[in-house]
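Quick notes on the structure that follows.
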Amino acid sequence: MSNHHNLNWLQRGTADIFPHQPDSENSLENLPLFLAQSDRPLRVKLGIDPTGTDIHLGHSIPFRKLRAFQDAGHTAVVIIGDFTAQIGDPTGKSEVRSQLTPEQVKQNAQTYLEQLRPILDFQTKGRLEIRYNSEWLSKLDLGEILRLLGTMTVGQMLAKEGFSERYHQENPIYLHEFLYPLMQGYDSVAVEADVELGGTDQKFNMAVGRDLQRHFGKKPQFGLLLPILLGTDGIQKMSKSLGNYVGLREDALSMYSKLEKTPDSLINDYFELLTNLNLEELPENPRDKQKLLALEVVSQFHGKESALNAQQAALTLVAGQTTNAESVPEFSLTGINFPAKLFYLLSATGLCQSSGEGRRQIQGGAVRLDGDRLNDVDQIFDTTESLSGKVLQVGKKKFIRLTVNS
């Protein structure tokens with residue numbers, strides 16, 4: 001098999017690889033050498049807990065790296081944490097996470113896999129395994145769980161980011177949360193991972209996986225750490241709760257409209273982490289860079305034709321020609337009770353996260369209907385007649401065509 005001795009794909013967008021030095025149980029100096037010398041496909045693990053329904057571009061980064069491993073001839077092992085999702089990853093959390101039911105986890109897992117289809121190779125035989133960690137974790141008896149707990153001290157657990165902060169702030173830490181990194185680490189034992197991928201915030205969990213592999217007499221995995229993507233605001237990490245995200249399930253126009261406004265400070269990172277384009281051949285003009293980025297990313301998830309249509313629709317909408325704009329997502333008003341206030345419509349259509357945000361956007365002059373600015377916070381629409389077929393817009397990135405179709 002070919003291991004792609006040109007390992008530029010491995011270095012691109014990689015924040016860190018550990019261990020850095022030769023390991024007594026692994027004579028290979030580092031992962032690039034491991035890849036170059038391997039005479040078999042490596043098993044590359046990436047776990048994801050289906051705690052929600054949406055994946056955004058920040059989540060896509062490790063999956064894009066996983067695809068690069070697939071293309072280099074290795075086996076991607078995607079672990080759906082249907083068991084660990086019921087505990088909840090405490091990483092970076094200042095309080096305990098809500099525990100999900102098995103039914104919620106199963107439903108979320110299916111939506112995750114559908115969103116990953118444009119990224120991963122689901123077709124080539126031997127390139128993808130999808131495993132659910134309930135397969136092995138649900139079978140652990142109390143004795144085995146006690147042996148797992150016996151591999152770590154309370155002091156080691158409290159050194160974990162999040163636990164340490166919560167402990168010093170005297171916020172509750174529940175005993176079941178200590179099981180999370182151990183069970184995620186045990187996943188590496190169960191699937192015999194050679195490499196594990198994850199964000200830079202997952203280093204503790206990956207190290208636990210290495211330790212447990214040693215404990216069970218297996219060769220310890222390498223950890224490949226990937227950057228945390230900043231959101232479209234350029235300030236905080238991409239997050240749905242912060243509203244600075246681009247979701248993989250968003251329509252082509254919404255995705256394009258957000259990405260073509262990527263701040264200059266982020267544009268090069270976005271190209272490096274979200275595309276395969278040659279970074280030395282990018283346009284010099286910042287505006288051309290933004291358009292190319294948007295077109296390239298939207299093409300990955302919606303196809304080139306839809307991306308080009310979204311680009312044209314975005315230009316048309318910016319010019320105020322909303323009646324001719326194609327590719328604008330639609331929202332049916334059939335389920336809305338009229339008379340309806342404008343700020344409520346902004347919330348109901350998803351253009352704003354709440355009625356309160358809708359009020360603020362109206363006051364800030366960001367709301368338009370077919371290009372005409374709407375400034376009245378208390379504006380009421382008596383019927384659908386004045387809205388049907390028109391484009392409701394918030395800022396320069398969010399558009400919805402209102403319809404009365406059922």
Could I get the full list of side chain to side chain contact (heavy atoms under 4.5 Å, CB included) partners for P102, not counting sequence neighbours?
-> Q86

Would you call D211 and R214 a salt bridge, using N to O less than 4.0 angstrom?
-> yes

K45: partners by salt bridge (charged side-chain N to carboxylate O under 4.0 Å, His left out), with sequence neighbours left out = E196

Can you name the residues that form a side chain to side chain contact (heavy atoms under 4.5 Å, CB included) with K106, not counting sequence neighbours?
-> none

Does one side chain, of N205 or Q202, offer a donor that lies under 3.5 Å from an acceptor on the other?
-> yes

If the plane angle is over 60° it's perpendicular, under 30° parallel, otherwise tilted; pick one for W9 and F69.
-> perpendicular

Side-chain donor-acceptor contact under 3.5 Å, N278 with E280 | no

Backbone N or O of G358 within a donor-acceptor pair of the Q361 side chain at under 3.5 Å?
-> no

Applying ring-ring contact (aromatic ring centres under 6.0 Å, His included) to F338 and not counting sequence neighbours gives none

Could you walk me through whether K218 and V189 pass the side chain to side chain contact (heavy atoms under 4.5 Å, CB included) test, one step at a time?
-> CA-CA 7 Å; K218 298 181 181 293; V189 176; 3.8 Å; yes

Any side-chain donor-acceptor pair under 3.5 Å between Q290 and R287?
-> yes

Derivation of the side chain to side chain donor-acceptor pair (under 3.5 Å) call for Q221 and S188 = CA-CA 8 Å; Q221 66 188 7; S188 294; 2.9 Å; yes

Donor + acceptor pair across side chains of K237, N244 (<3.5 Å) = no

D194: partners by salt bridge (charged side-chain N to carboxylate O under 4.0 Å, His left out), with sequence neighbours left out = R40

Do K258's NZ or CZ and the ring of Y245 fall within the cation-pi criteria of under 6.0 Å and 45°?
-> yes

Contact summary for A310 and L253, nearest pair of heavy atoms = O-CD1, 3.5 Å

Is it the case that D251 and S254 place a side-chain donor and acceptor less than 3.5 Å from each other?
-> yes

Taking only residues two or more places apart in sequence, or in another chain, which ones meet E129 in a side chain to side chain contact (heavy atoms under 4.5 Å, CB included)?
-> R43, T75, V77, R131

Are N108 and T111 close enough that a side-chain donor and a side-chain acceptor fall under 3.5 Å?
-> no

State which residues pass salt bridge (charged side-chain N to carboxylate O under 4.0 Å, His left out) with E272; sequence neighbours excluded, sorted by chain then number.
-> none

For the student: nearest non-hydrogen atoms of L140 and E144, plus distance | CA-OE1, 3.2 Å

Please list, chain by chain and in numerical order, all residues satisfying side-chain hydrogen bond (donor to acceptor under 3.5 Å, both in side chains) with Q379, sequence neighbours excluded.
-> none

In this structure, are over 12 heavy atoms from other groups packed under 6.0 Å from L146 atom CG?
-> yes

For T349 and L346, indicate whether the former's side chain and the latter's backbone hold a donor-acceptor pair under 3.5 Å.
-> yes

Sidechain-backbone polar pair: N133 side chain, F83 backbone, donor-acceptor under 3.5 Å = yes

For E305, does the CD atom sit with more than 12 other heavy atoms under 6.0 Å from it, leaving out its own atoms?
-> no

Is it true that a side-chain atom of Q70 and a backbone atom of D121 form a donor plus acceptor pair closer than 3.5 Å?
-> yes

Which residues pass the ring-ring contact (aromatic ring centres under 6.0 Å, His included) test with F331, sequence neighbours left out?
-> none

Set of residues satisfying salt bridge (charged side-chain N to carboxylate O under 4.0 Å, His left out) with respect to D376, sequence neighbours excluded = none

Among L212, V208, L179, the one residue meeting side-chain contact (heavy atoms from CB on, under 4.5 Å) with L148 = L212

Pair Y180, D49: side-chain N/O donor-acceptor within cut-off below 3.5 Å | yes

Residue list, side chain to side chain contact (heavy atoms under 4.5 Å, CB included) with D372, at least two apart or on another chain = none

Electrostatic pair E250-K398, nearest N-O below 4.0 angstrom | no

Intermediate values then yes/no, side chain to side chain donor-acceptor pair (under 3.5 Å), R64 and N276 | CA-CA 10 Å; R64 285 179 49 78; N276 295 325; 2.9 Å; yes

F204 atom CZ, over 12 foreign heavy atoms within 6.0 Å | yes

Q156 side-chain N/O to T153 backbone N/O, donor-acceptor pair under 3.5 Å | yes

For H59, the ring-ring contact (aromatic ring centres under 6.0 Å, His included) test, sequence neighbours excluded, returns H56

Please name the pair of heavy atoms, one in I119 and one in S60, separated by the smallest distance, quoted to 0.1 Å.
-> CD1-CB, 3.8 Å

